[in-house]
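The block underneath contains the structure these notes are about, expressed in structure tokens.
The structure presented is a predicted model; accordingly, all values stated were derived computationally and were not measured. So that the names make sense, note that chain A is the first sequence line, chain B the second, and so on, each numbered from 1. Heavy atoms only: backbone and side chains are in, while hydrogens, waters and symmetry mates are out.
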Number of protein chains: 2
Amino acid sequence: MNNNIGLLPNYVDGLKFHCGMDVAMHHLGGKWKTVVLWYLIENKKRFNEIKKNIPNITEKMLTIQLKSLEKDGIIKKEVFNIKPPLKVEYSLTDFGKTLIPLLESLVDWGHFVVKEKSYVMHTKK
Amino acid sequence: MNNNIGLLPNYVDGLKFHCGMDVAMHHLGGKWKTVVLWYLIENKKRFNEIKKNIPNITEKMLTIQLKSLEKDGIIKKEVFNIKPPLKVEYSLTDFGKTLIPLLESLVDWGHFVVKEKSYVMHTKK
DNA sequence: CAGCATCCTTTATGATACTG
DNA sequence: CAGTATCATAAAGGATGCTG
């Protein structure tokens, strides 16, 4: 099983990666990115719509994630007014849409774990 | 699309999760876990075998990841000698094996990104 | 509405030396 | 061989107030 990307480290956007997992986790890692993306699968959403969907996320964290995802080309941002109140919409790019099956697998596995762990907890205590 | 787990936050091992993604990323998040797991898919491995497979990981980081994965029931540890030199083997549990398709999807997507990004970089500069 | 700026705390990660 | 222990930095995350 050769997981290495070629013989030497691979560079993407000035960052060094040693395997495909490195690359994937660079784009998806952290507490919020996958959750934000999950809510953008359905349809484009405004800043506060995403925020309402995600309990506990702060504006700062949401801003950081959206910028990072935009920089990576996973989502795109559209601004509709110049003057406040602003209207901004975020949506997946075509590149971002290639993540949908992966995101679905992640959520499915998460739900599986909830059931699995609850089962263990109930039978052992 | 209802991603929330029931109406209230769900608790697993004393931690609070609001959606399946939360749960999944709790188990897989961070820089090393998915990489470590990737090398354990093939077969059980000893501490230093894993370390040799992963450039740059320190003993400390590997120790932390292995302990965390073991605590989560994703891998199991077998010790074969009491006296040094020790022989310890790590392998996926049955629960851990449920992650294999997900891990494969992650690596595949990572490799896809490498190609995609290189393409973009070459055509734009 | 959709953020930015600032200060702060907590985690994650890293380098190095040492041990049963 | 398979780790620990210690010291250090970096990155992530959070709270609050302010702004175009």
key: Nearest-nucleotide 5' precedence on DNA chain D, A:P85 against B:L66   =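 Result: B:L66.
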ask   = Pick the nucleotide of DNA chain D nearest each of A:P84 and A:G30; which residue has the one closer to the 5' end?
value =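 Checking each residue's closest nucleotide, the 5'-ward one belongs to A:G30.
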Rounded interatomic separation in angstrom, taking [atom1] from [X] and [atom2] from [N]:
X: A:K45; N: C:dG3; atom1: NZ; atom2: P; value: 16 Å
X: B:H26; N: D:dA12; atom1: NE2; atom2: P; value: 18 Å
X: A:I64; N: C:dA5; atom1: CD1; atom2: C1'; value: 12 Å
X: B:L62; N: C:dA15; atom1: CG; atom2: P; value: 15 Å
X: A:I54; N: D:dG13; atom1: CD1; atom2: P; value: 12 Å
X: A:K83; N: C:dG3; atom1: NZ; atom2: P; value: 17 Å
X: A:E89; N: C:dG3; atom1: CD; atom2: P; value: 12 Å
X: A:M61; N: C:dT10; atom1: CE; atom2: C1'; value: 12 Å

task = Find out whether the Lys NZ or Arg CZ of A:K87 is both under 6.0 angstrom from the six-membered ring centre of A:F80 and within 45° of the ring's axis.
result =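 Ring-cation test returns yes.
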[X] side chain N/O closer than 4.0 Å to the phosphate oxygens (OP1, OP2) of [N]?
X: B:R46; N: D:dC1; answer: no
X: A:K67; N: C:dG3; answer: no
X: A:Y90; N: C:dG3; answer: yes
X: B:Q65; N: C:dT13; answer: yes
X: B:K77; N: D:dG3; answer: yes

query = Side chain of B:S105, backbone of B:P101: donor and acceptor closer than 3.5 Å?
reply =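 Such a contact is found between B:S105 side chain and B:P101 backbone.
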key: Closest heavy-atom pair and its distance - A:V79, A:N81   =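 Minimum heavy-atom contact is CG1-O, 3.5 Å.
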Scan [X] against the nucleic acid and name what it touches under 4.0 Å (heavy atoms): base, sugar-phosphate only, or nothing.
X: B:K51; value: nothing
X: A:K31; value: sugar-phosphate
X: B:T63; value: base

query = Among all residues two or more places apart in sequence or in another chain, which pass the salt bridge (Lys or Arg N to Asp or Glu O under 4.0 Å) test with B:K44?
reply =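 Residues passing salt bridge (Lys or Arg N to Asp or Glu O under 4.0 Å) with B:K44: B:E78, B:E89.
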Under the salt bridge (Lys or Arg N to Asp or Glu O under 4.0 Å) test, residues paired with B:K51 that sit two or more places apart =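 Per chain and number, B:K51 pairs via salt bridge (Lys or Arg N to Asp or Glu O under 4.0 Å) with no residue.
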task = Would you mind reporting whether B:T34 and B:W38 have side-chain heavy atoms less than 4.5 Å apart?
result = no
Nucleotide of [options] approaching [X] most closely (side-chain heavy atoms):
X: B:F47; options: D:dG17, D:dG3, C:dC1; value: D:dG3
X: B:E59; options: C:dA17, C:dA15, C:dT13; value: C:dA17
X: B:T58; options: C:dT13, C:dA15, D:dA2; value: C:dA15

